[in-house]
A.B. asks: 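Take a look at this one; I'll ask things after.
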Amino acid sequence: MLSRFAKRSFSSTAAANYKVSVLGAAGGIGQPLSLLLKLNHRVTSLSLYDIRGAKGVAADISHVPTNSKVEGFTPEDEEGLKKTLTGTDVVLIPAGVPRKPGMTRDDLFNINASIVRDLASSVADYAPNAAVLVISNPVNSTVPIVREVFKQKGVYNKNKLFGVTTLDVLRASRFLSEVVGTDPTTERVNVVGGHSGLTIVPLLSGTKHKNIPQEARDALIHRIQFGGDEVVQAKNGTGSATLSMAQAGARFAGAVFKGLDGEKDVIEPSFVESPLYASEGIDFFASQVTLGPNGVEKIHGLGELAGYEEELVNVAKETLKKNIIKGQEFITKAK
Ligand code: NAD
Ligand code: LMR
């Protein structure tokens with residue numbers, strides 16, 4: 001059998017062959033995310049898992065004429081998770097319940113923490129070297145949960161665990177462009193911290209728009225921090241962002257594939273185990289990350305911050321620390 005390297009070097013394009021698994025693939029995010037992954041030519045095998053409905057989604061998506069095999073598994077399949085995960089290079093996890101109006105992401109902890117814990121345990125068993133992209137909320141706590149499960153199983157690699165915060169980055173580009181009247185596709189905003197309310201810190205001072213009047217700037221920051229609530233309210237009890245999240249997840253996964261492929265300067269913000277505030281007991285923090293063949297290649301500092309941004313980061317750190325410890329202790333203090 002040809003090694004991946006050999007297959008790559010014989011190919012006329014630079015694209016490699018990646019097996020990708022989506023856990024929670026029949027949900028509001030899972031379905032469009034799986035479709036977008038089917039359209040990515042770097043994906044040659046797509047394995048869809050859900051407690052219900054994954055086979056239908058897989059059959060449907062499998063008719064899209066791109067060069068990948070699609071399979072669907074549910075708990076009814078003997079060793080369904082093993083079949084889903086074996087040989088996987090990148091796992092995306094959007095399994096879990098979404099918010100309803102009036103809820104915070106932390107309110108999802110009681111249900112989603114155990115869903116993520118159990119799925120992480122299977123990933124550790126069957127795909128211990130895969131890059132793991134966690135979408136399930138509360139991301140600030142579910143990512144530490146995955147770390148602890150992996151540690152207990154002796155397979156933790158800090159360079160391969162990511163909380164997906166890309167939706168905050170998409171929103172920041174879009175909302176900023178609405179304020180300053182530009183093309184959103186040309187706007188890049190670094191969003192740091194975590195993924196919930198005040199832990200989301202867009203660094204507008206790093207964009208070319210440094211003179212937005214304070215009132216408009218504060219309103220813009222608030223909209224980016226609470227953009228998820230706009231969707232939750234508009235969906236009125238039927239869920240939270242799914243389509244924009246699918247686009248965000250596909251974009252981040254695409255960047256991970258490029259990094260694995262050895263492309264240079266692939267940089268995206270992500271919530272990763274980070275040295276930036278580790279001395280303050282904050283083990284995870286979202287910032288720009290350079291992605292490479294082994295996952296995280298470099299974690300970037302925040303750069304020079306405006307005074308108001310330093311304040312926002314300080315506020316974010318307070319909640320983040322609690323969220324991270326809550327996730328960690330869910331595993332380490334489990335009876
Ligand atoms: P959804 O209810 O539409 O879909 C969730 C899917 O997960 C369902 O199909 C369900 O059957 C499946 N599931 C539940 N338990 C499972 C298990 N043990 N194994 C496999 N599959 C399982 O919800 P959604 O709108 O797709 O949202 C999913 C999660 O993503 C929520 O927690 C939501 O808060 C989060 N989310 C995160 C972001 C982000 O930026 N990171 C953005 C939007 C939503
Ligand atoms: C989002 O930012 O849209 C997601 O985290 C879902 C939510 O609960 O808002």
Side-chain angles (χ1 to χ4, degrees), residues 24 29 92-99 103-117 119-120 132-151 156 158 160-172 190-203 221-222 224-229 231-232 240-241 245 248-249 252 268-289 296 299 302 312-334:
I29 296 167
L92 293 108
I93 309 183
V97 292
R99 282 197 290 162
M103 292 171 81
T104 66
R105 291 175 184 82
D106 188 54
D107 292 334
L108 302 172
F109 187 96
N110 285 347
I111 298 179
N112 290 352
S114 39
I115 292 175
V116 171
R117 175 198 61 202
L119 290 172
V132 182
L133 282 52
V134 182
I135 294 170
S136 315
N137 271 317
V139 165
N140 296 353
S141 302
T142 51
V143 175
I145 286 174
V146 176
R147 175 174 75 167
E148 295 311 319
V149 171
F150 276 43
K151 273 187 175 174
Y156 179 58
K158 65 178 166 33
K160 291 257 182 115
L161 176 59
F162 304 90
V164 182
T165 56
T166 320
L167 183 51
D168 303 317
V169 178
L170 300 196
R171 286 183 179 134
N190 182 13
V191 185
V192 303
H195 177 68
S196 71
L198 296 177
T199 71
I200 298 169
V201 182
L203 299 181
I221 291 169
H222 185 272
I224 295 166
Q225 293 183 314
F226 294 91
D229 298 58
V231 183
V232 170
S240 56
M245 180 58 230
F252 187 69
E268 285 282 345
S270 180
F271 185 69
V272 293
E273 183 176 318
S274 170
L276 293 182
Y277 298 102
S279 64
E280 296 172 48
I282 299 162
D283 287 0
F284 289 88
F285 200 84
S287 71
Q288 301 263 40
V289 165
V296 173
I299 294 169
L302 305 192
L312 291 171
V313 169
N314 286 336
V315 170
K317 285 195 294 188
E318 283 173 35
T319 303
L320 256 183
K321 189 169 180 174
K322 291 183 206 144
N323 293 162
I324 293 166
I325 290 170
K326 184 173 177 179
Q328 236 163 258
E329 293 188 344
F330 179 69
I331 303 299
T332 57
K333 297 207 169 156

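We count residues from 1, following the sequence as given.
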A.B. asks: Between the main-chain N or O of S136 and the side-chain N or O of T142, is there a donor-acceptor pair closer than 3.5 Å?
C.D. replies: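 Yes, the answer is positive, given that a donor and an acceptor are paired below the 3.5 Å cut-off.
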A.B. asks: First locate atom CD1 of I115, then atom CD1 of I93, and finally report the distance between them rounded to the nearest 0.5 Å.
C.D. replies: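 Rounded to the nearest 0.5 Å, the CD1-CD1 separation comes out at 11.0 Å.
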A.B. asks: Can you list everything that forms a side chain to side chain contact (heavy atoms under 4.5 Å, CB included) with N190? Sequence neighbours excluded, please.
C.D. replies: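 In terms of side chain to side chain contact (heavy atoms under 4.5 Å, CB included), with neighbours along the sequence ignored, N190 is linked to V192, L203, P269, Q288.
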A.B. asks: Just to verify, what does P98 make a side chain to side chain contact (heavy atoms under 4.5 Å, CB included) with, not counting sequence neighbours?
C.D. replies: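 Side chain to side chain contact (heavy atoms under 4.5 Å, CB included) check on P98 returns S240.
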A.B. asks: If every non-hydrogen atom of V231 is compared with every non-hydrogen atom of R171, which pair is closest and at what distance?
C.D. replies: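 Minimum heavy-atom separation between V231 and R171: CG2-NH2, 4.2 Å.
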A.B. asks: Judged by atom type as modelled, is there a donor-acceptor pair below 3.5 Å linking the side chain of K326 to the main-chain atoms of N140?
C.D. replies: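 No; judged by distance alone, with no hydrogens or angles, the pair does not exist.
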A.B. asks: Between N112 (side chain) and V97 (backbone), is there a donor-acceptor pair under 3.5 Å?
C.D. replies: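 Between the backbone of V97 and the side chain of N112 there is a qualifying donor-acceptor contact (under 3.5 Å).
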A.B. asks: Under 4.5 Å between any side-chain heavy atoms of D106 and S196, yes or no?
C.D. replies: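 A side-chain contact is absent here, since even the closest heavy-atom pair is not under 4.5 Å.
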A.B. asks: Is there a side-chain contact (heavy atoms from CB on, under 4.5 Å) between M103 and V232 once you walk through the steps?
C.D. replies: CA-CA 9 Å; M103 292 171 81; V232 170; over 6 Å; no
A.B. asks: Does the side chain of E273 come within less than 4.5 Å of Y156's, by heavy atoms?
C.D. replies: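 They are in side-chain contact.
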A.B. asks: Can you find a pair of side-chain heavy atoms, one from S270 and one from F252, that are under 4.5 Å apart?
C.D. replies: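 Result yes, sub-4.5 Å side-chain heavy-atom pair found.
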A.B. asks: Can you name the closest pair of heavy atoms from P94 and I135 and give their distance?
C.D. replies: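 Distance-wise, the nearest heavy atoms are CA-CB, 4.0 Å.
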A.B. asks: Rounded at 0.5 Å granularity, tell me how far CD1 in I325 sits from CD1 in I282.
C.D. replies: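 I325 CD1 to I282 CD1: 8.5 Å, rounded to 0.5 Å.
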A.B. asks: Is the closest side-chain heavy-atom distance between F150 and V132 below 4.5 Å?
C.D. replies: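 Yes, at least one pair of side-chain atoms sits under 4.5 Å.
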A.B. asks: What's the verdict on side-chain contact (heavy atoms from CB on, under 4.5 Å) for Y277 and L320, showing C-alpha distance, side-chain angles and the deciding distance?
C.D. replies: CA-CA 11 Å; Y277 298 102; L320 256 183; over 6 Å; no
A.B. asks: Check whether any side-chain heavy atom of L302 sits under 4.5 Å from a side-chain heavy atom of S287, and report yes or no.
C.D. replies: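 A side-chain contact exists here, since the closest heavy-atom pair is under 4.5 Å.
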A.B. asks: Is any side-chain heavy atom of R99 closer than 4.5 Å to one of D107?
C.D. replies: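 No, side chains not in contact.
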A.B. asks: Which atom names give the shortest non-hydrogen contact between L167 and A241, and what distance separates them?
C.D. replies: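 Closest heavy-atom pair between L167 and A241: CD2-CB, 4.0 Å.
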A.B. asks: Identify the two heavy atoms, one from F109 and one from S141, that lie closest to each other, and give their separation to 0.1 Å.
C.D. replies: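 Nearest pair, atom of F109 first, then S141: CE1-CB, 3.6 Å.
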A.B. asks: Assess the residue pair Q225 and L198 against the criterion (side-chain contact (heavy atoms from CB on, under 4.5 Å)); give the C-alpha distance rounded to whole Å, side-chain angles, the decisive distance to 0.1 Å, and a yes or no.
C.D. replies: CA-CA 6 Å; Q225 293 183 314; L198 296 177; 3.7 Å; yes
A.B. asks: What distance separates K151 NZ from Q328 CD, expressed to the nearest 0.5 Å?
C.D. replies: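 It comes to 6.5 Å.
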A.B. asks: When you check the side-chain N and O atoms of T199 and N323, is any donor under 3.5 Å from an acceptor?
C.D. replies: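 Their side chains do not contain a donor-acceptor pair, so the 3.5 Å distance test is not met.
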A.B. asks: Just verifying a value: how many Å separate L276 CG and D283 CG, rounded to the nearest 0.5 Å?
C.D. replies: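 It is 12.0 Å, given to the nearest 0.5 Å.
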A.B. asks: Heavy atoms only: give me the nearest S274-A278 pair and the separation to one decimal.
C.D. replies: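 In this case the closest contact between S274 and A278 is O-CB, 3.7 Å.
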A.B. asks: So, do H195 and I200 sit near enough that their side-chain heavy atoms are less than 4.5 Å apart?
C.D. replies: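 Result yes, sub-4.5 Å side-chain heavy-atom pair found.
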A.B. asks: Working to the nearest 0.5 angstrom, can you tell me the gap between F284 CZ and L161 CG?
C.D. replies: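 Interatomic distance, F284 CZ to L161 CG, rounded to 0.5 Å: 5.5 Å.
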A.B. asks: Which atom pair, heavy atoms only, marks the closest approach of G228 to R105?
C.D. replies: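 Here G228 and R105 meet closest at CA-NH2, 4.0 Å.
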A.B. asks: CD1/I331 to CD1/I145 distance, rounded to the nearest 0.5 angstrom?
C.D. replies: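 Between atom CD1 of I331 and atom CD1 of I145 there are 5.5 Å.
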